[in-house]
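What follows is a short report on a single structure.
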Number of protein chains: 2
Amino acid sequence: MDVRTLCLGLLTRSEASGYEIKKAFQSGLSHFYDASFGSIYPALSRLTEEGLVTCKEEPQDKRPDKKVYRITPAGRLAFIDALGRPPGHDRIRSDFLATILFADLLSPRQIAGLIDGRLTETRSLLAELREQAKEETRAAGDRFVIAYGIAVLEAEVTFLEERRHVIEGAALLGRAPGSAAAD
Amino acid sequence: MDVRTLCLGLLTRSEASGYEIKKAFQSGLSHFYDASFGSIYPALSRLTEEGLVTCKEEPQDKRPDKKVYRITPAGRLAFIDALGRPPGHDRIRSDFLATILFADLLSPRQIAGLIDGRLTETRSLLAELREQAKEETRAAGDRFVIAYGIAVLEAEVTFLEERRHVIEGAALLGRAPGSAAAD
DNA sequence: CGCATTCTATATTGGCTCGATATATGACGA
DNA sequence: TCGTCATATATCGAGCCAATATAGAATGCG
């Protein structure tokens with residue numbers, strides 16, 4: 001599922017400009033999928049070429065033209081076809097976990113700071129998702145995905161709160177007084 | 001934290017060839033970070049150019065030469081410096097959730113199949129991580145990250161088991177008998 | 001009032017990364 | 001013998017992100 005397909009999916013719900021699609025990614029999808037202008041605009045151009053969406057230019061007063069994209073029947077079919085294919089594996093890239101992996105090279109203070117920052121960030125995202133969960137205008141899929149995100153983030157917070165002492169302590173053990181670093 | 005930096009990190013633990021680094025990514029890191037040959041080999045070349053690792057070619061009988069990389073003191077410093085910088089946000093790309101988002105375009109049967117597949121996959125990954133958790137040779141960081149992964153995956157399984165009926169039922173409501181699709 | 005920031009809106013570029021593919025050989029089982 | 005898997009390196013096209021450019025309006029702040 002590339003950005004192109006996902007744009008098509010968002011357009012099954014309502015017409016939108018590239019800018020609005022980017023906003024849709026940021027509010028509510030960004031916790032499990034994101035996309036940048038650098039992929040959205042070319043995607044919309046290609047979808048237009050392929051006849052899966054149409055583009056209506058709305059000249060605005062004192063603003064750049066707004067290009068409003070609308071899905072075509074062919075586009076709707078193509079998207080439903082894409083949904084039917086088995087989804088690929090999740091791809092996760094977590095700088096936080098990659099850093100924690102090398103906790104033995106960090107000071108306990110650094111590790112504590114890292115985890116504090118992560119907890120703050122995660123709780124903030126959690127609060128945001130809980131707000132979104134209240135919005136009753138959301139589609140059923142949206143609400144399920146939001147609830148999924150909340151469940152996962154809650155597990156992360158609980159894990160960090162309960163287990164952080166394990167990794168914070170480990171950093172001390174790896175640096176017994178007087179011991180030289182390997183190599 | 002790019003692949004280049006992560007390769008450097010793995011080399012702080014032991015010397016390795018590109019192939020072995022790829023294996024390290026696949027066993028134990030792949031659930032939160034992955035890398036392909038297409039990024040590992042160029043990364044190692046660049047690290048060598050920059051003097052952060054050295055490369056020793058081991059000509060093998062009847063095999064391609066094995067290029068064994070070893071980190072330099074400068075490389076170790078550069079990596080520890082990189083660890084000190086605040087980590088970027090997690091980037092997640094989940095085809096599964098992207099598909100679920102549009103559950104109202106799928107049949108209940110499709111949704112059930114999707115969730116069954118996801119549960120099977122997640123339980124399998126969970127079993128793998130639980131095996132890895134038993135390995136006592138792992139570094140403290142490894143064990144923490146594995147435990148983190150287990151906590152998250154358990155939450156996902158629980159959520160899907162308890163809430164799948166919500167989304168499976170929603171697909172029916174969106175398709176009341178005789179109702180025409182919007183548009 | 002002036003200045004900076006933010007928002008709307010589109011677009012491009014460099015560089016990173018993935019997935020597929022190519023090459024070469026050994027081992028193992030059917 | 002034939003296919004497949006493992007070892008081992010490497011490249012290429014395509015996809016994608018972060019940064020940047022452009023440009024006017026609105027908003028905030030002192």
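Scope of the values below: all heavy atoms of this structure, side chains included, with no hydrogens, waters or symmetry mates. Chain naming here is simple, since letters A, B, ... match the order of the sequence lines and numbering starts at 1 in each.
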Open item on the list: Whether A:R46 contacts D:dA14 is assessed here as follows: a side-chain N or O lying under 4.0 Å from the phosphate OP1 or OP2. Is that the case?
Closed with: no
Open item on the list: Under 4.0 Å from OP1 or OP2 of D:dT9: is there any side-chain N or O of B:Y41 that close?
Closed with: yes
Task: B:E156 and B:R123 ion-paired at < 4.0 Å - done: no
Task: Residues A:E131 and A:K134 bridged, charged N to O under 4.0 Å - done: yes
- [ ] Write down the distance between NE2 (A:H89) and P (C:dT17), rounded to a whole number of angstrom.
- [x] 22 Å
- [ ] Kindly determine whether A:F37 and A:F25 satisfy ring-ring contact (aromatic ring centres under 6.0 Å, His included), including the steps that lead there.
- [x] CA-CA 11 Å; A:F37 289 128; A:F25 270 108; over 10 Å; no
Open item on the list: Assuming nearest nucleotide by heavy-atom distance, tell me which of B:G18 and B:R93 is located more 5' along DNA chain D.
Closed with: B:G18
Task: Nearest-nucleotide 5' precedence on DNA chain D, A:F37 against B:P42 - done: B:P42
Open item on the list: Strictly below 4.0 Å, N to O, side chains only: are A:R85 and B:D95 in salt-bridge contact?
Closed with: no
- [ ] Considering only NZ, NE, NH1 and NH2 on the basic side and carboxylate oxygens on the acidic side, decide whether B:R46 and B:E49 come within less than 4.0 Å.
- [x] no
- [ ] Flag the pair A:F32 / A:Y148 as yes when their ring centroid distance falls below 6.0 Å, and as no otherwise.
- [x] no
Open item on the list: Rounded to whole Å, please give me the gap between CD in B:E20 and P in D:dT9.
Closed with: 8 Å
Task: Candidate nucleotides C:dC18, C:dA11, D:dC17, ranked by approach to the side chain of A:K67 - the nearest - done: C:dA11
Task: Single-linkage hydrophobic cluster, 4.5 Å side-chain cutoff, B:I167 and B:L160 together - done: yes
- [ ] Can you tell me the distance, in whole Å, between the CD atom of B:Q26 and the P atom of C:dG19?
- [x] 11 Å
Open item on the list: Please tell me if B:S39 has a side-chain N or O lying less than 4.0 Å from either OP1 or OP2 of C:dT17.
Closed with: no
- [ ] Please report the closest heavy-atom contact between B:K22 and B:A35, naming both atoms and the distance.
- [x] NZ-O, 3.0 Å
Task: Value in whole Å for how far the P atom of C:dT17 lies from CG of B:D34 - done: 12 Å
TODO: Indicate whether OP1 or OP2 belonging to D:dT9 is found under 4.0 Å from a side-chain N or O atom of B:S17.
DONE: yes
Task: Atom-pair distance (CZ on B:R4; P on C:dT17), nearest Å - done: 10 Å
TODO: Would you mind classifying the nucleic acid contact of B:K22 as base, sugar-phosphate or nothing, using non-hydrogen atoms under 4.0 angstrom?
DONE: nothing
Task: A:S36, nearest nucleotide to its side chain (from D:dC17, C:dC16, C:dC18) - done: D:dC17
Task: For atom NZ of A:K56 and atom P of C:dA9, their distance in whole Å - done: 14 Å
Open item on the list: Angle between the two end axes of the helix from C:dC1-D:dG30 to C:dA30-D:dT1, five base pairs per end, rounded to 10 degrees?
Closed with: 40°
TODO: Look at A:Y19 and C:dT8 and indicate whether a side-chain polar atom (N or O) is within less than 4.0 Å of OP1 or OP2.
DONE: yes
- [ ] Please state whether the phosphate of D:dG15, meaning OP1 or OP2, lies under 4.0 angstrom from any side-chain nitrogen or oxygen of A:R91.
- [x] no
TODO: Mind calculating the distance between CG (B:D95) and C1' (D:dC16) to the nearest angstrom?
DONE: 14 Å
Task: Length of the line joining B:K66:NZ and D:dA6:C1', which is rounded to integer Å - done: 13 Å
Open item on the list: Regarding B:A43, tell me which of base, sugar-phosphate or nothing describes its non-hydrogen contacts under 4.0 Å with the strands shown.
Closed with: nothing
